[in-house]
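All values derive from a computational prediction rather than experimental measurement. In what follows, residues are counted from 1 in the order of the sequence shown.
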Amino acid sequence: MGICGVKAKKENTAIQQNRGDRNARPDQSMTCPKCQQIFPPTTSSLNFNTHVQGCSGLSNLPNSTQENLQIRSASRTNLAPSLSGKRTEEEKPASQDLFYWKKIDDTHGENAWQKVPQSSTLKNIPKKISLEDVRNLNYHDKLRWFRSQIDKLRIPWTQGSDKLTISKDHILFESILKLKSCLLHKELKIEFEGELLNDAGGLLREWINLNIRELFKPETGIFRKSDADEITYSFKPFVSDEEFEMDKVRHAAKVIGKAIFERIPINAYLDKTIIKHILGHIITLDDIDSIDKPVAQSLRYILDHDIEQDAMIEEYFVITHYQDKTEKVVELKEGGSSILLTNENKREYVELKVQWIGYLSVKSQVDAFLEELGTVIPLKNFSVFDTRELEMIINGVPFIDVDDLSLIHI
């Protein structure tokens, strides 16, 4: 047996010694055989194996790089490698600070990413802390608190796992039916029919990505691509209330909830109205920009101009839409079909239309989605974040900082 084989055998033996068998006590902790980091009993074998496989033997590195939120940065002076290809003590950075990337609006109102110091205000998160106090923490500490709440829900791998055997040819249909019998706080093992692979975490990630791809296809019928500058997805209005259509919405909530639970970023961006519904925030006109920018612009025009002097505007308190190829008229308020839009009532008109676009037209989907998501992660736990922070938790960061990555690799 070669040196690599011996090393692999030793590592596997060490992993097995730390994990124990299926009869191990649920309160048994695990230790990384490379860096000796101790993991609590609530750690899933997926997260433990992911750490071991990517561990460089340095115990002070982040446990997970899936969200790309914890990125090491350092002074870029004296970073040139020596002739031997290894950095000498003099060439190593004098100081290293933790940063994370934050999504912001730049001076032109467009999205940009900014590197923010990851300074922790709390050494340890108190066991008893109010949601309001958590909201006042910086993002790093809020994220620590959020993960600690998830760990309280996690059922240790020593208590068994649920298994899904799925055909990739019918992945969405079979996943919807079979996932109903699974407890998403337990470890979820995936097996694809016809593939002889054991799930050590990679198959779960693939299963989530395949489900997300199917769920957000136009032909699936529950999401639509937003008419805005950024590519985001909102609920498709007037989806049938038939049970299977709502099952697809509930399944989307389960898959997204499980992805957040296991720190797996998804590659589809929810529009700001869905993010705000998860947070429990009020939908505003600015949020309509992420669904339909032309409509948002027309509503702003109404607010900013004397519409009684504009002969082109003759609106009533109604919404006209098409459902099943049939034109339907919905009153924004009782008697709306006979209420003419004026300068006096235009603010009420805009508010009612924002409420209709952002919630009432997709009420069935929003309610079903939130109810199901709350069974995986209590919605109150999301409420400590703002919209940008929740986007980062769901989607991660869409790039890799090569300069910073080089600082933790030889």
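- The OG atom of Ser361 lies 10.5 Å from the CD atom of Gln355; values are rounded to the nearest 0.5 Å.
- No side-chain donor-acceptor contact under 3.5 Å links Lys189 to the backbone of Leu204.
- None of Glu206, Glu193, Glu174 except one satisfies the side chain to side chain donor-acceptor pair (under 3.5 Å) rule with Lys168; the exception is Glu206.
- Asp306 and Asn343 share a donor-acceptor pair across their side chains, judged by distance under 3.5 Å alone.
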Using atom types as modelled, flag every donor-acceptor pair under 3.5 Å from a side chain in residues 309-321 to any protein atom, sequence neighbours excluded.
residue, atom, partner, partner atom, Å
Asp310, OD1, Met312, N, 2.9
Asp310, OD2, Tyr301, OH, 3.0

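- We find that Lys258 and Glu262 are joined by a salt bridge, their nearest charged nitrogen and carboxylate oxygen being less than 4.0 Å apart.
- A donor atom on one side chain and an acceptor atom on the other are not found under 3.5 Å apart for Asp151 and Ser148.
- Partners of Asp292 according to the side chain to side chain donor-acceptor pair (under 3.5 Å) rule, which considers only residues two or more places apart in sequence or in another chain, do not exist here.
- Nearest heavy-atom pair across Asn395 and Pro265 is O-CB, 3.4 Å.
- Here ring pair (Phe, Tyr, Trp, His ring centres under 6.0 Å) pairs that include residues 210-231, with residues two or more places apart or in two chains, are Phe216-Phe223, Phe216-Tyr233, Phe223-Phe235.
- Leu143 places a side-chain heavy atom less than 4.5 Å from the side chain of Ile393.
- Counting only heavy atoms from C-beta outward, the side chains of Ser175 and His170 never approach each other to under 4.5 Å.
- The side chain to side chain donor-acceptor pair (under 3.5 Å) check on Ser130 picks up Asp133, with sequence neighbours excluded.
- Atom OH of Tyr359 has more than 12 heavy atoms from other residues, nucleotides or ligands within 6.0 Å.
- Contact between Ile222 and Leu215 at its shortest, heavy atoms only, is CG1-O, 3.8 Å.
- Val376 and Leu153 get closest at one heavy-atom pair: O-CD1, 3.8 Å.
- Between Lys276 and Ile282, every side-chain heavy-atom pair lies at or beyond the 4.5 Å cut-off.
- Residues Arg213 and Asn209 are not in side-chain contact: their nearest non-hydrogen atoms beyond the backbone lie 4.5 Å or more apart.
- Under a cut-off of 6.0 angstrom, the local environment of CD in Glu195 is crowded, with over 12 non-hydrogen atoms contributed by other residues, nucleotides or ligands.
- Heavy-atom neighbours of Lys225 NZ from other residues, nucleotides or ligands within 6.0 Å: at or below the threshold of 12.
- When side chains are defined from C-beta on, Asp286 counts as touching Arg300, because their heavy atoms get closer than 4.5 Å.
- Of the possible polar contacts, one joining the Asn345 side chain to the Leu340 backbone as a donor-acceptor pair under 3.5 Å is found.
- Using modelled atom types, one side-chain atom of Ser226 and one backbone atom of Ser290 make a donor-acceptor pair closer than 3.5 Å.
- Residues passing the salt bridge (Lys or Arg N to Asp or Glu O under 4.0 Å) test with Lys217, sequence neighbours excluded: Glu214.
- Applying the 6.0 Å contact sphere to CD of Glu308 captures more than 12 heavy atoms from other residues, nucleotides or ligands.
- For the pair Asp386 (side chain) and Glu389 (backbone), a donor-acceptor distance under 3.5 Å is present.
- Evaluation of the side chain to side chain donor-acceptor pair (under 3.5 Å) test over residues 372-383, restricted to residues two or more places apart or in two chains, returns Arg135-Ser383.
- Heavy-atom neighbours of Lys186 NZ from other residues, nucleotides or ligands within 6.0 Å: above the threshold of 12.
- Checking side-chain atoms of Gln365 against main-chain N and O of Val249 turns up no donor-acceptor pair under 3.5 Å.
- Contact of the Leu179 side chain with the Cys182 side chain is registered, since non-hydrogen atoms from C-beta on lie closer than 4.5 Å.
- Exactly one of Leu188, Ile166, Ile190, Leu164 qualifies for a side-chain contact (heavy atoms from CB on, under 4.5 Å) with Leu203. That residue is Ile190.
- Checked by atom type and distance alone, the side chain of Ser167 pairs as donor or acceptor with a backbone atom of Asp169 at under 3.5 Å.
- Donor-acceptor pairing under 3.5 Å is recorded for the side chains of His251 and Asn211.
- Between His277 and Phe369, the distance from one ring center to the other does not fall under 6.0 angstrom.
- Ile278 CD1 to Leu379 CG: the interatomic distance, rounded to the nearest 0.5 Å, is 8.0 Å.
- For the atom pair CZ (Phe146) and CG (Asp141), the distance works out to 15.0 Å, reported to the nearest 0.5 Å.
- When atom types are taken as modelled, the side chain of Arg154 and the backbone of Phe261 share a donor-acceptor pair closer than 3.5 angstrom.
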